Structure formats: structure tokens, C-alpha cells
Amino acid sequence: MDNIIKVEDVVYEYLQEETNLKALDGVNLDIKKGEFVVIIGHNGSGKSTLSKHLNAILKPVHGNVIVAGMNTKDEDKIWQIRQNAGMIFQNPDNQIVGTVVEEDVAFGPENLGINPDEIKKRVETSLKSVNMYEFRNKAPHLLSGGQKQRVAIAGIIAMKPDCIILDEPTAMLDPSGRKEVINTIKKLNKEENITIVHITHFMEEAIDADRIIVMEKGKIVLEGKPKDVFTQVDKLKKLRLDVPYMTELAYELRKSGLKIKEDILSVDEMVMSLCQY
Ligand code: ADP
Ligand code: MG
């Protein structure tokens with residue numbers, strides 16, 4: 001079984017919700033081990049609600065979520081599920097618990113009851129893999145947003161997860177912080193085969209995904225490879241979503257009569273295409 005996550009017919013409603021819209025309304029999703037999945041969707045489309053189902057913060061009202069073979073409704077498995085599918089949130093300040101970087105990264109494995117020698121090793125390798133080892137003795141509050149998010153990611157890696165779920169981890173960061181975080185998660189995916197579920201409203205961050213999932217009103221309304229999703233510019237605009245800058249530019253150039261490829265996502269592809277013109 002190579003599906004690390006299975007979401008089966010999931011419905012979720014918040015009790016206090018005023019509208020009769022369901023936050024999740026029949027979501028089905030299989031994520032393979034090692035896959036890099038990006039979820040996009042307008043505000044309120046259900047992205048955060050879905051992500052919280054993937055590590056048992058929320059339980060479906062209807063349907064099931066299975067993580068590494070464990071049902072999130074199985075109370076006995078909750079900690080194993082959370083260790084398996086670690087979660088990173090938007091605000092870097094809310095995720096730091098330690099007063100020293102090292103201590104912060106050790107927090108997760110300590111809670112798993114891992115022995116001190118092994119924790120020491122894990123803290124070191126985790127900090128190295130997010131490129132924050134040289135900051136190990138620093139106070140987290142002195143770090144930049146991008147650095148704090150990388151420390152938070154190290155804290156998750158130290159628990160040896162199969163999967164990391166990131167709910168708009170770059171939303172509060174400046175462009176260089178965003179790049180640091182994106183490069184880190186790409187590297188963890190490629191080099192350590194960690195499955196990534198990345199929620200973002202920056203379309204550029206979705207260009208290299210294996211698959212993009214588009215949500216609207218609690219449903220998955222579009223999914224596929226970046227080129228297949230982003231070439232549907234009109235449909236995305238209807239969903240109040242942007243496309244990558246270069247895709248937008250190609251779309252506008254085509255509208256003005258230039259016979260340029262429509263499946264352009266990156267600057268490099270745009271340059272290639274224009275030079276051949
Ligand atoms: P997204 O992350 O895509 O912006 P959310 O999953 O946060 O979407 O929200 C989906 C729907 O659920 C929205 O209609 C939102 O208003 C509602 N919702 C989200 N969180 C809560 C909550 N804690 N209580 C009540 N309603 C909520
Ligand atoms: Mg959200």
C-alpha cells in the first residue's frame with residue numbers, strides 16, 4: 001500500500017457555523033508516499049479544515065481519514081498519527097516552545113520518550129537538514145520568520161515523520177524567508193522522500209508540485225499536474241484564483257495574437273518560448 005494518506009468521502013461541519021455550507025463536503029483524496037501535493041483555493045474554501053484532518057486535529061463528521069494505515073478516529077493511534085504526519089502553521093511565533101533553538105527541536109522527540117543520546121543525534125541531523133545547525137544555541141525570538149519556520153520544520157523532522165503538512169507556512173514571511181522555506185521543503189521531499197502537503201496562496205510555489213489540488217466550497221473542484229491545472233486560466237479566474245505570473249503573461253500575449261505556448265509556468269520557459277518566436 002503506497003498511499004500514505006487516504007481521505008474517503010469526508011464531510012465536516014463546524015458546530016458554530018452560521019451558513020448551511022459544509023466546511024468539507026465529500027472530499028476524496030489519495031496521497032502517495034513521496035508525493036509533493038500543493039493545495040490552493042480561495043479563502044474559506046476548506047483548505048485548513050482539510051489539513052487539520054490529516055493529522056487528527058479534526059475528525060470527519062462523515063467518512064474516514066487514514067494516515068499510514070491508521071484511522072484518525074482511532075483514539076489509540078492519535079499520537080502515532082501526529083508523529084507520522086507533522087503539521088506546520090502560518091505563524092512562526094506560535095510554534096516555538098523552547099528558549100534555545102536546540103531545545104525547541106528536542107521538544108517533539110522528548111515527548112515521544114526517545115532516549116537522550118538518540119535525541120541529540122536527531123536534533124543535530126534535523127537542524128542540518130533545514131540548514132539551521134549554526135543557529136542551534138541561539139534564542140528563537142532573535143531569528144527571522146523564515147528561520148523560525150525552518151526551526152519548526154526541524155522540530156517535526158526530529159520525530160521522523162513520513163509526511164509534513166504545511167498550512168500557508170510562507171504567508172507571513174518576506175520573499176527571502178519564503179524562498180528559504182520552499183527550498184527546505186523541496187529538499188526534504190527530494191532527498192529524504194518525505195511526503196509534502198503544502199497549502200499556499202502563492203501560485204509560484206505550486207509550479208514544481210507533483211500534483212495541485214484546487215478547493216472551492218469544501219470540495220475538490222480541479223486537480224492535476226501544474227501544467228494541466230494552470231492552463232485552465234479562465235476556470236481559475238472564476239474560482240477567484242491567480243495563476244503564476246508567467247502563465248498569466250503567456251495568456252495575455254496569446255489573447256493579443258502572439259502564438260506563444262499556453263503551458264508556460266516559469267521565467268525560463270517564457271524566455272525559451274519568446275526566443276523561438
Ligand atoms: P481556508 O483555509 O481555505 O481559508 P477554512 O478551512 O479555514 O478555509 O474554512 C472553511 C469554512 O469553515 C469557512 O466557511 C470558514 O468560515 C469555516 N470555519 C473555519 N474555521 C471555523 C471555526 N473555527 N468555526 C466556525 N467556522 C469555521
Ligand atoms: Mg486556511
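Quick note: numbers below take in every heavy atom, side chains included, and nothing from hydrogens, waters or symmetry partners. Keep in mind the model is a prediction, meaning the values are calculated, not measured. In listed order, ligands and their atoms are each counted from 1.
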Suppose I only count heavy atoms of [X] and a 4.0 Å limit; which atoms of ligand 1 are within that range?
X   : answer
S48 : 1 (P), 2 (O), 6 (O), 7 (O)
N43 : 4 (O)
A23 : 11 (C), 12 (O)
S45 : 1 (P), 3 (O), 8 (O)
T49 : 5 (P), 6 (O), 9 (O), 10 (C)

Going by atom types alone, do [X] and [Y] pair a side-chain donor with an acceptor below 3.5 Å?
X    : Y    : result
E252 : S256 : no
E168 : T200 : no
H198 : E205 : yes
E180 : Q149 : no

Practice prompt. Using a cut-off of strictly less than 2.8 Å, determine whether S48 has an N/O/S atom near the Mg ion (ligand 2).
Written response: yes
Item to complete: Tell me, please: is G41 in heavy-atom contact with ligand 1, that is, under 4.0 Å?
Response: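 Contact check G41 vs ligand 1: negative.
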Discussion item. I'd like to know if H42 contacts ligand 1, where contact means a heavy-atom distance under 4.0 Å to any ligand atom.
Written reply: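 Heavy atoms of H42 do come under 4.0 Å of ligand 1.
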Worksheet item: More than 12 non-hydrogen atoms from neighbouring residues, nucleotides or ligands closer than 6.0 Å to NZ on K160, yes or no?
Response: no
Fill in: Part of M215 with heavy atoms under 4.0 Å of ligand 1, whether side chain, backbone, both or neither
neither
Worksheet entry | Side-chain donor/acceptor of T231 to backbone N/O of K227, under 3.5 Å | yes
Discussion item. Test your reading of the model: is there a side-chain donor-acceptor pair from R122 to the backbone of A158, 3.5 Å cut-off?
Written reply: yes
Discussion item. Check this for me - ligand 1, G44, N or O atoms closer than 3.5 angstrom, yes or no?
Written reply: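 N/O-N/O distance below 3.5 Å exists for this pair.
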